[in-house]
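Notes for the one structure printed next.
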Amino acid sequence: MKNTTIILRLAYIIIPLAFIAATAGVFWQGTGEPYPFQTLRGETVQIRGHGLYAFDTVNSSSQEIGQDAVTLILGIPLLIAGIVSTRKNSLRGRLLLTGALGYFLYTYGAMSFLTAFNPFYLIYVALFSLSLFGFILALSGLDPVFVAEHVSDKFPRRAIASYFIIVAAFLSLAWLGLVVPPMLTGEPPAGLESAITMVIQSLDLGVIVPTALITAILLLQKRPWGFTLASVVLLKILSMGTALIAMIINQMREGVVIDPVTSVIFVVISLSGMILAVAALRNIRDEAKQ
């Protein structure tokens with residue numbers, strides 16, 4: 001991997017900052033009770049009222065706390081594992097490191113723009129910036145031809161391509177169904193709450209959906225970049241999928257009303273992605289195939 005030294009240095013900085021931010025999110029609860037708040041759109045939402053996420057809604061803060069827990073339990077350990085393996089010049093390690101950086105990029109990009117201003121704002125921005133440049137350098141430093149040469153014949157290419165097409169279709173239908181009707185009626189979309197716009201939907205429709213479709217097409221064509229992107233994105237899903245499940249569980253624990261059908265689909269997609277991530281990693285060798 002090109003630029004390995006700078007990528008590792010960026011990852012070294014991410015670890016303590018993410019640990020501080022996520023630990024505060026999970027354990028800084030404070031005292032206070034939720035209270036009603038009228039949004040710019042005239043809706044009444046419940047603000048958490050205590051802890052680090054005191055000015056976030058109960059719904060969004062329950063998701064943030066679930067994400068923080070996964071960052072501590074899985075995100076940081078995966079990043080450390082990627083660092084250690086990369087230092088050993090392992091291809092799996094380089095892919096794992098890139099995927100882990102993708103997780104931190106998505107997580108703290110969203111928190112930088114969506115989380116209500118709190119004392120950790122600059123840490124979120126620093127993590128967003130560090131993971132952005134780390135991910136760009138890590139992905140651009142991968143040699144797709146080299147990766148393709150180390151992919152086993154048992155690599156589940158068609159299954160992964162089909163999975164990405166399903167993910168793109170589901171996210172497109174789910175989010176367009178959420179935002180298009182309000183655009184026509186002038187009503188606020190469900191889930192907007194105290195935010196000004198739909199940040200997660202912007203990220204998913206603008207980045208995740210195109211990435212999934214491009215990866216699927218390249219995989220079906222057996223292009224080297226298809227194998228590379230598939231491996232990186234799936235390894236990002238390994239942690240992000242766990243985070244989505246944790247978010248849903250914490251929403252239910254805190255009494256947030258959720259759409260059971262959409263939630264179940266998200267859980268199934270997350271679990272499927274995690275299984276495929278493990279399968280993909282197992283079928284990438286550090287030695288070139290003969």
Could you tell me how the ring of Tyr108 sits relative to the ring of Phe104: parallel (under 30°), tilted (30 to 60°) or perpendicular (over 60°)?
-> parallel
Mark yes when over 12 heavy atoms from residues, nucleotides or ligands other than [X] sit less than 6.0 Å from its [atom1]; otherwise mark no.
X	atom1	value
Phe19	CZ	no
Ile196	CD1	no
Glu33	CD	no
Leu40	CG	no

Given side chains that start at C-beta, do those of [X] and [Y] come closer than 4.5 Å, heavy atoms only?
X	Y	value
Leu101	Ile14	yes
Leu271	Ile245	yes
Val84	Arg87	no
Arg48	Asp56	no
Leu213	Phe164	no
Ile284	Leu91	yes
Tyr103	Thr71	yes
His50	Gln29	yes

Checking side-chain contact (heavy atoms from CB on, under 4.5 Å) for the pair Arg157/Phe227: CA distance, chi angles, key distance, verdict?
-> CA-CA 8 Å; Arg157 180 177 59 87; Phe227 294 103; 3.8 Å; yes
For Phe170 and Phe266, run ring-ring contact (aromatic ring centres under 6.0 Å, His included): C-alpha distance rounded to whole Å, both residues' side-chain angles, the deciding distance at 0.1 Å, then the answer.
-> CA-CA 9 Å; Phe170 170 69; Phe266 266 119; 5.1 Å; yes
Under a 3.5 Å distance rule, please check whether [X] uses its side chain to pair with a backbone N or O of [Y] as donor and acceptor.
X	Y	result
Thr215	Ala230	no
Ser61	Val58	yes
Arg41	Glu187	no
Ser202	Met198	yes

Go through the steps to decide whether Lys236 and Phe135 satisfy the test side-chain contact (heavy atoms from CB on, under 4.5 Å), and finish with yes or no.
-> CA-CA 11 Å; Lys236 180 255 184 187; Phe135 179 76; over 6 Å; no
Leu244 and Met247: side-chain contact (heavy atoms from CB on, under 4.5 Å), yes or no, with the steps?
-> CA-CA 5 Å; Leu244 282 170; Met247 291 178 197; 4.2 Å; yes
Side chains of [X] and [Y], donor plus acceptor under 3.5 Å:
X	Y	value
Ser131	Tyr106	no
Gln63	Asn250	no
Glu193	Ser60	no

Could you please spell out the steps behind the side-chain contact (heavy atoms from CB on, under 4.5 Å) verdict for Leu8 and Leu97?
-> CA-CA 9 Å; Leu8 291 177; Leu97 176 61; 4.0 Å; yes
Distance (rounded to the nearest 0.5 Å) between [X] [atom1] and [Y] [atom2]:
X	Y	atom1	atom2	value
His150	Asn283	NE2	CG	14.0 Å
Leu137	Leu132	CG	CG	9.5 Å
Ile249	Ser263	CD1	OG	11.0 Å
Ile7	Ile136	CD1	CD1	11.0 Å
Leu281	Leu238	CG	CG	8.5 Å
Thr211	Leu229	OG1	CG	7.5 Å

For the student: nearest non-hydrogen atoms of Leu78 and Ser239, plus distance = CD1-CB, 4.0 Å
